[in-house]
**Student:** 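Below: one structure in structure tokens.
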Amino acid sequence: MEAFLHQVFSGLATGGIYASLALALVMIYQSTNHINFAQGEMAMFSTYLAWSMIDAGLAYWWAFLLTVAISFITGVVIERIIIRPVERAPVLSVVTVFVALLVIFNSVAGWIFTYTIKTFPSPFPEQPLFGNRYISSHELGAIGITLGVLVVLYLFFRFTPLGLAMRAAAQNATSSRLSGIRVGWMLALGWGLAAAVGAVAGMLIAPIVYLDPNMMSGVLLYAFAAALVGGIDSPFGAVLGGFLVGVLENLIGAYVVGTELKLTVALVLIIGVLVFKPTGLFGRVFVSRV
Amino acid sequence: MTLALVIAQTGHAEKSYGPGVTDSEIKIGQTMPYSGPLSAFGTIGRAQAAYFEMINARGGVNGRKIKLLSLDDGYSPPKTIEQTRKLVESDEVLLLFSSFGTPPNTAAMKYLNAKKVPQLFIAATGMKWGDPKNFPWTMAFLPSQKTGTAGYVSHLLKTRPDAKIGVLYQNDDFGKDYLKALRDQLGSKAASMVIAEASYESTDPSVDSQIATLQGSGADTFFSFASPKFAAQSIRKAYDIGWKPLFFIPYSAQSVNAVLQPAGLDKSVGVISSAYVKDPTDPQWKGDAATREWLAWMKSYYPEGDLSEIYNVYAYTNAQLLIQVLKQCGDELTREHVMKQAANLKNFELPMLLPAYASIPARPITTRSSSCNSCASTARSGFALAR
């Protein structure tokens, strides 16, 4: 029982990691209808920014806020300069640009910050809460912040005019443009938001997996699985999907297939969802008129 | 070039050169993971290039400059083959030196042996390199998994003969060879002593679940055959969930800077490891002449390199060994003679090796395994370090 609880809780903790990155993936999908393969690397790069600031003596929360702000701006700039020109290009070209971004961010981070792993500080206390042995304060705090980000995003998209405009721009660019929404800027804002959410994810993940240029390569796959399970256009689904993937992966790895096939669980989930329920658990089913 | 070979065969001339050698230059090649998941190890190639730069600035080896062609293979074996072929067939290097990684070197080994090109002092932990009968052109530098675990096992059998062992291993040749070496050395006791095994992929975000499984098995001794990042994670997780086993990590993960500090020095207390080179971050080497020389070289030739990075020590030591081989070759720089001299390193001291290892035996990988009292002593010094 003890071992089982450990598996469940460490599954929830890693699930929180997947959830936070999945949220960023969903963000960009919601506002641009694309999956950004470079999302993980952008988040990693933001985390290095935060690390540099903290290393230079800035207080944690100032570094946190500054990093989120800079990432937002960088996201907007990337959309304006790099993504914009290929906006009307075939999907394959866009994917190529994303993959190129992935490689560029990874290599530049390695070039500037070296590949030696670094410790990233956590804002939460070192000792676990209530003296429990199952989950550390940071992991608990990270889950809390992820849920907080989720609520803020929900409120933003649901109740603000800007959120509505962004949703409209992603779903039907032509109609939105006709009703006076500046679609180009909405897309750029979407990129900015996704980069900001990614930065938060990176800063929450780094204390757990350590900061190095490759820290997101493993996480990204699970985050995809999480986003797909929950439904690629549902932030709530992505977060739930993250926890689900984390716990399932642990339990199936520990008790059913063994650790050697643990990674396969994520891949099976991705394929399973795409084959049987492409919209995921909470995704909307689109019906288009022909 | 054909002429040079003919002369080499007849043996009349004083100088005989293999491919890649002229009166003023020796061309050598290597493959390194400058990109990809293990790009942390790319520093080995950069440090070695910097070391040869110093050698060249001081006049080279017997008047010849060393030209290192270091190509990126991204730790992907098919790419290693492609790059190795390019080095041998189009760049015509004399030898391959210190190429990185167990899977890449495994891929290149057959080709290089068929072509009779020296595959020297490869930067990979493996049991298959020390096989002069089948692969006479391949020679290792790092202690194998067998050497790496021998000291641990004798320490374990002395201190906890009825141990219940849990093993975490990386799911590739590196980790599996460690597991096999451990089982081999426990012999008939392996079946009863090793009670739990768990693996991880090098792409996994964390090994928390595996640690929970191993703790749940009731093991009181833990071998974490993991690469640095995952060794750090396993130290931290075991501490956090209150598991206090007799804890072993491999020598490749004994870096204070890359493993013990990230894991938390307080959480690393009692972790046992072994070492074969001096860790420049370890205070006990602060006054050591060799360490200071290493530091001076780093500062003037590889200033962008990390001074606390143990792989830079490794790269330096390995390059020194190659320079010694080339020195011993004199003017007879053929591939055959290089191998002959590489197997003929007697009474040559590598300053950054730990004292127990400092004198290199003739054929590093095979003879080292028989000198295991030295491992036990390094295991003990590692113990002291972690305390």
Side-chain angles (χ1 to χ4, degrees), chain A residues 1-11 13-14 17-18 21 103 106-107 109-111 114-120 126-128 132-136 139 205 208-223 246-247 249-251 253-255 258-264, chain B residues 33-43 46 168-169 171 196-218 227-233 236-237 239-243 255 257-259 261-264 266-267 304-306 308-312:
Chain A
M1 191 60 205
E2 170 95 3
F4 178 79
L5 282 180
H6 271 304
Q7 296 294 355
V8 171
F9 277 100
S10 83
T14 39
I17 293 180
Y18 308 153
L21 192 63
V103 177
N106 185 288
S107 311
W111 180 52
T114 78
Y115 289 92
T116 312
I117 61 170
K118 295 185 164 58
T119 38
F120 191 83
E126 176 75 7
Q127 294 307 318
N132 83 85
R133 292 207 168 285
Y134 297 108
I135 191 160
S136 73
E139 288 164 341
I205 294 170
I208 304 174
V209 303
Y210 300 120
L211 178 57
D212 77 307
N214 299 313
M215 80 168 186
M216 286 297 191
S217 54
V219 179
L220 190 67
L221 179 71
Y222 288 99
V247 174
E249 170 211 12
N250 270 10
L251 292 183
Y255 299 113
T259 44
E260 290 210 350
L261 292 175
K262 207 161 154 267
L263 183 63
T264 323
Chain B
Y34 290 117
S35 60
L38 292 188
S39 34
F41 293 95
T43 188
R46 282 188 281 268
L168 176 73
Y169 64 98
N171 194 15
E197 292 168 8
S199 67
Y200 71 89
E201 307 296 325
S202 51
T203 49
D204 279 354
S206 94
V207 292
D208 289 1
S209 162
Q210 284 89 331
I211 306 294
T213 304
L214 291 173
Q215 185 207 22
S217 72
S227 54
K229 177 171 148 185
F230 295 102
Q233 284 188 357
R236 187 183 59 188
K237 182 67 180 175
Y239 181 89
D240 284 349
I241 61 177
W243 185 28
S255 162
N257 180 55
V259 178
Q261 250 159 19
D266 55 325
K267 298 179 181 180
E304 70 276 22
D306 187 344
S308 55
E309 178 58 79
I310 196 91
Y311 307 123
N312 290 336

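Chain letters run A, B, ... following the sequence lines, proteins first and then strands; every chain starts at 1. This structure is a prediction, so every number in the text was calculated from the model and none was measured.
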**Student:** Based on non-hydrogen pairs under 4.5 Å, which of B:Ser206, B:Ser199, B:Gly264, B:Ser308 is most in contact with chain A?
**Tutor:** B:Ser199

**Student:** Let me know if A:Tyr255 has heavy atoms under 4.5 Å from chain B in its side chain, its backbone, both or neither.
**Tutor:** neither

**Student:** Output yes when a side-chain donor or acceptor of B:Gln215 lies under 3.5 Å from a complementary backbone atom of A:Ala3, and no otherwise.
**Tutor:** no

**Student:** Given side chains that start at C-beta, do those of B:Ser209 and A:Lys262 come closer than 4.5 Å, heavy atoms only?
**Tutor:**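 Sidechains of A:Lys262 and B:Ser209: in contact.
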
**Student:** Begin with the C-alpha distance, continue with both residues' side-chain angles, and end with the deciding distance and a verdict on side-chain contact (heavy atoms from CB on, under 4.5 Å) for A:His6 and B:Trp243.
**Tutor:** CA-CA 12 Å; A:His6 271 304; B:Trp243 185 28; over 6 Å; no

**Student:** Rounded to the nearest 0.5 Å, how far apart are CG of B:Asp204 and CG of A:Leu221?
**Tutor:**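 Atom-to-atom, B:Asp204:CG and A:Leu221:CG are 10.0 Å apart.
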
**Student:** Where do B:Lys229 and A:Tyr210 come nearest, in terms of heavy atoms and distance?
**Tutor:**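 Minimum heavy-atom contact is O-CE1, 3.9 Å.
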
**Student:** With a 4.5 angstrom heavy-atom cut-off, which part of B:Phe230 approaches chain A: side chain, backbone, both or neither?
**Tutor:** neither

**Student:** Using non-hydrogen atoms and a 4.5 Å limit, figure out which bit of A:Phe4 sits close to chain B: side chain, backbone, both or neither.
**Tutor:**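 Neither part; nothing is under 4.5 Å.
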
**Student:** So do the side chains of A:Phe9 and B:Asp208 get within less than 4.5 Å of each other, counting heavy atoms only?
**Tutor:** no

**Student:** Between B:Pro205 and A:Val209, which heavy-atom pair has the shortest distance, and what is it?
**Tutor:**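 Closest approach of B:Pro205 to A:Val209: O-CG1, 3.3 Å.
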
**Student:** Working to the nearest 0.5 angstrom, can you tell me the gap between B:Gln210 CD and A:Ser10 OG?
**Tutor:**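 Rounded to the nearest 0.5 Å, the CD-OG separation comes to 8.5 Å.
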
**Student:** What part of A:Thr14 gets closer than 4.5 Å to chain B, counting heavy atoms only: side chain, backbone, both or neither?
**Tutor:**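 When you check distances to chain B, only side chain atoms of A:Thr14 fall under 4.5 Å.
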
**Student:** Mind listing the closest non-hydrogen atom pair of B:Thr213 and A:Ala254 along with its distance?
**Tutor:** OG1-CB, 3.9 Å

**Student:** Counting heavy-atom pairs closer than 4.5 Å to chain A, which one of B:Pro262, B:Gly216, B:Ala198 comes out on top?
**Tutor:** B:Pro262

**Student:** Which atoms of B:Glu309 are under 4.5 Å from chain A, going by heavy atoms: the side chain, the backbone, both sets, or neither?
**Tutor:**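 For B:Glu309, the contact with chain A is made by the side chain alone.
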
**Student:** If you tally heavy-atom pairs under 4.5 Å against chain A, which of B:Gly42, B:Ser217, B:Ala232 wins?
**Tutor:**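 Counting heavy-atom pairs under 4.5 Å, the top option is B:Ala232.
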
**Student:** Are A:Ile208 and B:Arg236 close enough that some pair of their side-chain heavy atoms sits under 4.5 Å apart?
**Tutor:** yes

**Student:** Pick whichever of A:Asn250, A:Leu5, A:Ile17 has the most heavy-atom pairs under 4.5 Å with chain B.
**Tutor:** A:Asn250

